[in-house]
Amino acid sequence: QVQVRESGGGLVQPGGSLRLSCAASGFSFNDNVVHWYRQAPGKERQLVAEVTTFGTGTKFLDSVKGRFAISRDEAKNTVYLQMHFLQPEDSGVYYCYSAGQWGQGTQVTVSP
């Protein structure tokens, strides 16, 4: 079955860090661009970060540049979104998208 599954969300204080994981099954991330989106209540889903095939290139939303990093573990067929210095405006449901597949999302809440 072709699918992606996110994990790693949670509640964190401002300035804290989280690492999100996106694991693929039924296909290889190596052959596909992998995107991380987020959606806050009442707002449109926005692209936060992406990594190209074989991790040769990355792209980030301006507001997360310097704070977020994206990486691949080929052996685990998993992509990570490392998030540092989190702020309340980073809160939302984070989704992984690749090869036409959306995950179910993982909630990130940044609050004192």
Side-chain angles (χ1 to χ4, degrees):
Q1 184 178 4
V2 178
Q3 64 178 10
V4 297
R5 181 179 295 274
E6 307 93 338
S7 61
L11 173 64
V12 63
Q13 292 186 342
S17 298
L18 281 175
R19 189 179 77 162
L20 307 182
S21 300
C22 176
S25 57
F27 72 100
S28 172
F29 273 153
N30 283 341
D31 302 325
N32 294 276
V33 180
V34 181
H35 313 265
W36 281 100
Y37 286 80
R38 70 185 178 196
Q39 187 166 21
K43 294 187 177 181
E44 293 186 355
R45 194 170 294 189
Q46 64 177 170
L47 178 65
V48 176
E50 66 182 32
V51 59
T52 58
T53 54
F54 295 97
T56 55
T58 57
K59 180 179 178 180
F60 296 93
L61 180 69
D62 283 347
S63 64
V64 309
K65 286 180 180 177
R67 300 189 297 122
F68 289 14
I70 188 169
S71 62
R72 293 176 178 261
D73 184 329
E74 295 179 10
K76 295 181 179 180
N77 205 20
T78 298
V79 169
Y80 302 99
L81 183 67
Q82 179 69 58
M83 307 184 294
H84 296 293
F85 305 108
L86 285 161
Q87 299 301 317
E89 53 266 32
D90 294 316
S91 297
V93 179
Y94 281 68
Y95 298 92
C96 179
Y97 175 75
S98 184
Q101 302 296 315
W102 287 97
Q104 82 288 351
T106 186
Q107 177 72 47
V108 171
T109 303
V110 185
S111 180

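Please read all numbers here as calculations on a predicted model, not as lab measurements.
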Measuring only between side-chain heavy atoms, which start at C-beta, is [X] closer than 4.5 Å to [Y]?
| X | Y | value |
| --- | --- | --- |
| V34 | E50 | no |
| S25 | Q3 | yes |
| L18 | V108 | yes |
| Q107 | L11 | no |
| I70 | V79 | yes |
| V51 | V33 | no |
| S98 | H35 | no |
| Q104 | E6 | yes |

Main-chain N/O of [Y] paired with [X] side-chain donor or acceptor, under 3.5 Å:
| X | Y | result |
| --- | --- | --- |
| N77 | F27 | yes |
| N32 | S28 | yes |
| R5 | C96 | no |
| S91 | T109 | no |
| T78 | A23 | no |

If you take all heavy atoms of [X] and [Y], which pair is closest and at what distance?
| X | Y | value |
| --- | --- | --- |
| P112 | P14 | N-CD, 3.6 Å |
| E74 | N30 | CG-OD1, 3.3 Å |
| G26 | V2 | O-CG2, 3.8 Å |
| A49 | L81 | CB-CD1, 3.9 Å |

Donor on one side chain, acceptor on other, Y94 and R38, under 3.5 Å: yes
Residues, nucleotides or ligands: over 12 heavy atoms within 6.0 Å of E89 CD: yes
Heavy-atom neighbours of R45 CZ exceed 12 at 6.0 Å: yes
Cation over ring face, R67 and F85, 6.0 Å, 45°: no
Would you say [Y] ends up clustered with [X] if hydrophobic residues are merged whenever their side chains have heavy atoms under 4.5 Å apart, either directly or through other cluster members?
| X | Y | result |
| --- | --- | --- |
| W36 | Y80 | no |
| L20 | L61 | yes |
| Y97 | Y95 | yes |

Atom pair CG/OG of D73 and S21 - distance to nearest 0.5 Å: 9.5 Å
Trace of the side chain to side chain contact (heavy atoms under 4.5 Å, CB included) decision for L86 with F68: CA-CA 9 Å; L86 285 161; F68 289 14; 3.8 Å; yes
Centroid-centroid under 6.0 Å between Y37 and W102 rings: yes
Verdict with supporting geometry, S17 and Q82, side chain to side chain contact (heavy atoms under 4.5 Å, CB included): CA-CA 8 Å; S17 298; Q82 179 69 58; 4.2 Å; yes
